[in-house]
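Data first, discussion second: the structure below is written as structure tokens.
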2 protein chains.
Amino acid sequence: MPKDTLPGLTACNYAMLRRATRKLGQFYDDVQAPSGLKATQQGLLYQIHIGGEPAMGAIAAALVMDLSALGHTLKPLVRDGFVETFTDPDDRRIKRVRLTQQGRIKLDEAMKLWQTAQQRFEDVVGKEKAERLRAMLDDISALDFDLPTATPAIPAKA
Amino acid sequence: MPKDTLPGLTACNYAMLRRATRKLGQFYDDVQAPSGLKATQQGLLYQIHIGGEPAMGAIAAALVMDLSALGHTLKPLVRDGFVETFTDPDDRRIKRVRLTQQGRIKLDEAMKLWQTAQQRFEDVVGKEKAERLRAMLDDISALDFDLPTATPAIPAKA
DNA sequence: TTGATTTAGTGGCATATACCACTTTCAACG
DNA sequence: CGTTGAAAGTGGTATATGCCACTAAATCAA
């Protein structure tokens, strides 16, 4: 039975990460469904909320997310009136983002549900273990994987 | 400065998970790009490979993935000739999946690149720590979050 | 055997994300 | 000043995923 000796996908860090993400997504989304927001959207609203009218690029950087992906993700939230954008008066390249009144209200509502999910998760997994998990994940998000695929030590400007 | 006292999104298990997933996705995808497969596709091919002509439902269950999502994800792989499907002769509801010859070759190719990425990840994070991470993620994928949202102890068939 | 129920997938629709090719602004230089 | 190159976003295209409504096939009951 070769299948027992094959490593299985449990060996792949990325595959494990995605699988666990799907699992948690189903859970958090389910709990937060009454608010009408997906957990992803709630997270984005929150990030904007604590960001102080952040620029698109700042949000993307904080979330380790592609800038264009952020733009797309933001669209439904703008369409539904939870978020609005405006051009930075000092640098017209920069687009800043903020919550609308409605967005703040909706975020409040969603946060209450979030707490339920979060609490439940920690009850099941253990507060201490959850903390360790988040710390590890935070580390990973900050890593630098530079593959030295022919790194010119110093481009020497030539 | 209220921003320093706000919990930041680092408190949310799900948000952390997604952020780390994006980070690793960018890394693994980048390393595996030469094969033409995304890391997600490589993972799926591998799962099929070790599954012994698995049924759609079996794959979805193993990956904690929605069945319809799996169907969609499979399409490009079928289109590109890496995977083929056939109806189970003993139960025509069941659709089984297997790699084509071309699919096996492509998987081999991608696995070599995967090993590079995997190795690099473990070099940076530490083999032991990576192992703990995967174990935790594996646990999470197997959890049962039943929120007793009015659980009728026994529907009593009425 | 027939009608109700359950199981396995499909298709449509919507969000999440990524990469690439542009466009618009700034900023730096000569 | 212009020219040039970097910085910030936008739009298009493609995959990843999920939910829901629906169909087909198998099972269970009566």
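Quick caveat, the model's predicted, so the values are computed rather than measured. Convention: sequence-line order gives letters A, B, ...; per-chain numbering from 1. As a basis for the values below, the full set of heavy atoms in this structure was taken, side chains included, without hydrogen atoms, waters or symmetry mates.
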Looking at residues 65-84 of chain B, who's got a heavy atom less than 4.0 Å off DNA chain D?
B:Met65, B:Asp66, B:Ser68, B:Ala69, B:His72, B:Thr73, B:Pro76, B:Arg79

The side chain to side chain contact (heavy atoms under 4.5 Å, CB included) partners of B:Arg132 (sequence neighbours excluded) come to A:Met136, B:Glu128, B:Lys129

Distance, rounded to the nearest Å, where A:Phe86 contributes CZ and D:dG9 contributes P:
11 Å

If you look only at distance, which donor and acceptor atoms sit under 3.5 Å apart when one is on a side chain in residues 71-79 of chain B and the other is two or more places apart or in another chain?
unit_1  : atom_1 : unit_2  : atom_2 : d
B:His72 : ND1    : B:Ser68 : O      : 3.2
B:Thr73 : OG1    : B:Ala69 : O      : 2.9

Is the phosphate of D:dT15, meaning OP1 or OP2, less than 4.0 Å from a side-chain N or O of B:Thr40?
no

For DNA chain D, whose closest nucleotide is more 5', that of A:Lys95 or that of A:Lys38?
A:Lys95

Per-helix bend value, the helix from C:dT1-D:dA30 to C:dG30-D:dC1, C1' rotation axes over five pairs per end, 10° rounding, shows 10°

Please confirm whether the shortest side-chain N or O distance from A:Gln26 to OP1 or OP2 of D:dG18 is below 4.0 Å.
yes

So, the side chain of A:Asp91 versus the backbone of A:Arg93: is there a donor-acceptor pair under 3.5 Å, distance only?
yes

Below 4.0 Å: OP1/OP2 of D:dT17 and any side-chain N or O of A:Arg22:
yes

Can B:Asp138 and A:Arg19 be counted as an ion pair, charged N to O under 4.0 angstrom?
yes

Show the atom names and distances, to 0.1 Å, of all donor-acceptor pairs under 3.5 Å that link a side chain in residues 51-64 of chain A to residues at least two apart or in another chain.
unit_1  : atom_1 : unit_2  : atom_2 : d
A:Glu53 : OE2    : A:Arg98 : NE     : 3.0

Quick check for you: name the first and last nucleotides of DNA chain C, 5' to 3', having an atom under 4.0 Å from a heavy atom of chain A.
C:dT15 to C:dC26

Kindly assign one of parallel, tilted or perpendicular to the pair A:Phe121 and A:Tyr28, based on the angle between their ring planes and the thresholds 30° and 60°.
tilted

